[in-house]
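To keep things clear, I will list the structure first and then write my remarks on it.
All chains are named by letter (A, B, ...) in the order of the sequence lines, taking the proteins before the strands, and each is independently numbered beginning at 1. These values consider heavy atoms only, across backbone and side chains, with no hydrogens, waters or symmetry-generated copies.
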Number of protein chains: 2
Amino acid sequence: MNLVTNFQSAIHTQGLRATRQRQLVLDVLEHSPEHLDAEAIHDQVRAKDPRISLATVYRTLALFKRLGLVAEHSLGEDHGHFETAPNAPHYHFTCLNCKRVIEFESPTVLQVVQGLAEREGLQVIETHLTLSGYCPECRPDEEAA
Amino acid sequence: MNLVTNFQSAIHTQGLRATRQRQLVLDVLEHSPEHLDAEAIHDQVRAKDPRISLATVYRTLALFKRLGLVAEHSLGEDHGHFETAPNAPHYHFTCLNCKRVIEFESPTVLQVVQGLAEREGLQVIETHLTLSGYCPECRPDEEAA
DNA sequence: TTTACTGCAAAACATTTGCAATGAG
DNA sequence: CTCATTGCAAATGTTTTGCAGTAAA
């Protein structure tokens, strides 16, 4: 439930080290409700310590992903976005115009996926349901007859 | 329904031209049940005409996407894969080990998405449901007590 | 003839990596 | 002290772009 706690135990389990850089990235992720990309995380982390490199941010995010602390999504289709691993799975809608991201849950989708997995004998590790289109503010509102 | 036909009409509607390169890419897409990436499409097209450049393949795929003839997916998380735009929407499971892609349909997912769109006032253009995990052949088959 | 399109090579990105220096345990 | 981790800069892989030449219409 607590990111930091999960991180601490992972540290102890494996031969990892709790570096300042990792703590800062963890901090940014924890206090950010948004879906940040590596660059944005780097910016925020650099505000607290200008010496941290983008490469380290990438390495840290890869580690956190491996530890199950964060999830990566391809929201804008181009580069990756990261968020803290959710307890309840949720999905994303991205507005093609204003880039706003709307999150939503759906037990129904979960059921569909579980049904498929059972039927096909699949072990599903990740589920990404990503919608794109236009939010109410950005809708062309086409009303052509 | 017919890719080539759709292409022809798009050509006439806009000021586009039916070049040999585009016809070849169209041909590859049409006769390939797989989810090819730009590089693979380039290889196949080059088998018929070695002069075609990768840049042209990318430009052609971008055009086809804009025309609604093909859909792009991030299946392996890294680079894009393309397939002919399906009449019935379907979704993808990718095996993390053997990279095999399994397609599946789900009217239920469609309903969920439509429900969400109505409730939130969204205009949904694209829906990507992408699963990853292990197929029956590649499953670790963990049976730990 | 007109100008959309292509090939090429270079640029633009996001991301990864080799290596010497650093610092957590 | 030891070795996991970092910073840097260079490498990588994918996709895009500028421009002069080519070819549909």
Side-chain angles (χ1 to χ4, degrees), chain A residues 4 7-28 35-43 45-67 69-82 99, chain B residues 4 7-28 35-43 45-67 69-82 99:
Chain A
V4 180
F7 177 48
Q8 305 293 0
S9 41
I11 292 288
H12 291 166
T13 311
Q14 286 146 283
L16 303 175
R17 290 176 185 179
T19 63
R20 179 176 36 82
Q21 291 83 335
R22 289 177 180 173
Q23 316 233 34
L24 287 176
V25 171
L26 204 57
D27 203 56
V28 166
H35 301 82
L36 304 170
D37 53 29
E39 192 88 23
I41 293 171
H42 185 216
D43 286 346
V45 166
R46 243 195 320 200
K48 300 188 179 180
D49 183 335
R51 250 179 306 183
I52 293 176
S53 77
L54 183 56
T56 295
V57 171
Y58 273 109
R59 281 189 279 231
T60 301
L61 289 171
L63 172 67
F64 287 178
K65 220 170 94 178
R66 185 157 59 74
L67 296 179
L69 302 180
V70 306
E72 182 176 4
H73 302 275
S74 315
L75 298 182
E77 297 297 299
D78 38 357
H79 59 295
H81 289 75
F82 300 83
K99 308 301 173 193
Chain B
V4 180
F7 178 49
Q8 305 294 359
S9 40
I11 291 288
H12 290 168
T13 311
Q14 286 145 282
L16 304 175
R17 289 177 185 179
T19 64
R20 178 176 35 84
Q21 290 85 333
R22 289 177 179 173
Q23 317 231 35
L24 287 177
V25 171
L26 203 59
D27 202 56
V28 166
H35 301 81
L36 304 170
D37 54 29
E39 192 87 25
I41 293 171
H42 185 215
D43 286 346
V45 165
R46 244 194 321 199
K48 301 186 178 180
D49 183 335
R51 250 179 307 185
I52 293 176
S53 76
L54 182 56
T56 295
V57 171
Y58 273 108
R59 281 188 277 230
T60 302
L61 289 171
L63 172 68
F64 286 178
K65 222 171 92 178
R66 186 158 59 74
L67 297 179
L69 302 181
V70 306
E72 181 176 6
H73 301 276
S74 315
L75 297 181
E77 296 298 300
D78 39 357
H79 58 296
H81 289 75
F82 299 83
K99 309 300 176 194

Roughly how far apart are [X] [atom1] and [Y] [atom2], rounded to 0.5 Å?
X: A:His81; Y: A:Ile41; atom1: NE2; atom2: CD1; answer: 9.5 Å
X: B:Lys99; Y: B:Leu75; atom1: NZ; atom2: CG; answer: 11.0 Å
X: A:Glu39; Y: A:His42; atom1: CD; atom2: NE2; answer: 7.5 Å
X: B:Asp49; Y: B:Gln23; atom1: CG; atom2: CD; answer: 12.0 Å

In whole angstrom, give the distance that lies between atom [atom1] of [X] and atom [atom2] of [N].
X: A:Leu61; N: C:dT16; atom1: CG; atom2: P; value: 10 Å
X: A:His12; N: C:dA24; atom1: NE2; atom2: C1'; value: 12 Å
X: A:Arg66; N: C:dT16; atom1: CZ; atom2: P; value: 13 Å
X: B:Arg20; N: D:dA23; atom1: CZ; atom2: C1'; value: 9 Å
X: A:His79; N: C:dA12; atom1: NE2; atom2: P; value: 18 Å
X: A:Ile41; N: C:dT15; atom1: CD1; atom2: C1'; value: 14 Å
X: A:Leu16; N: D:dT6; atom1: CG; atom2: P; value: 10 Å
X: A:Leu24; N: C:dA24; atom1: CG; atom2: P; value: 12 Å

> Who are the side chain to side chain contact (heavy atoms under 4.5 Å, CB included) partners of B:Arg17, not counting sequence neighbours?
Replying inline: B:Thr19

> Which residues pass the side chain to side chain contact (heavy atoms under 4.5 Å, CB included) test with A:Lys48, sequence neighbours left out?
Replying inline: A:Leu24, A:Asp27

>> Tell me the closest heavy-atom pair linking B:Arg22 and B:Leu16, and the distance in Å.
In response: NH1-CB, 4.2 Å

> Which atom pair, heavy atoms only, marks the closest approach of A:Val28 to A:Val45?
Replying inline: CG2-CG2, 3.6 Å

> Between the side-chain atoms of A:Arg17 and the base atoms of D:dC3, is any donor-acceptor pair under 3.5 Å?
Replying inline: yes

>> Students often get this wrong, so: under 4.0 angstrom with heavy atoms, is B:Ala18 touching a base, only sugar-phosphate, or nothing?
In response: sugar-phosphate

>> Within the 4.0 Å heavy-atom criterion, would you say A:Arg59 contacts the bases, only the backbone, or no part of the nucleic acid?
In response: base

Expected list for residues 50-67 of chain B: side-chain donor-acceptor pairs under 3.5 angstrom, two or more places apart:
residue : atom : partner : partner atom : Å
B:Ser53 : OG   : B:Thr56 : N            : 3.2
B:Ser53 : OG   : B:Thr56 : OG1          : 3.2
B:Thr60 : OG1  : B:Thr56 : O            : 2.7
B:Lys65 : NZ   : B:Glu72 : OE1          : 2.5

> Where along residues 47-58 of chain B does a heavy atom fall under 4.0 Å from DNA chain D?
Replying inline: B:Leu54, B:Ala55, B:Tyr58

Side-chain N or O of [X] versus OP1/OP2 of [N]: is the shortest distance under 4.0 Å?
X: A:Gln14; N: D:dA4; value: no
X: A:Thr19; N: D:dT6; value: yes
X: B:Gln21; N: D:dA24; value: no

Between protein and nucleotides 20-22 of chain C, what N or O pairs are separated by less than 3.5 Å?
none

>> Quick check on the helix from C:dT1-D:dA25 to C:dG25-D:dC1: what's the angle between its two end axes, five base pairs per end, to the nearest 10°?
In response: 30°

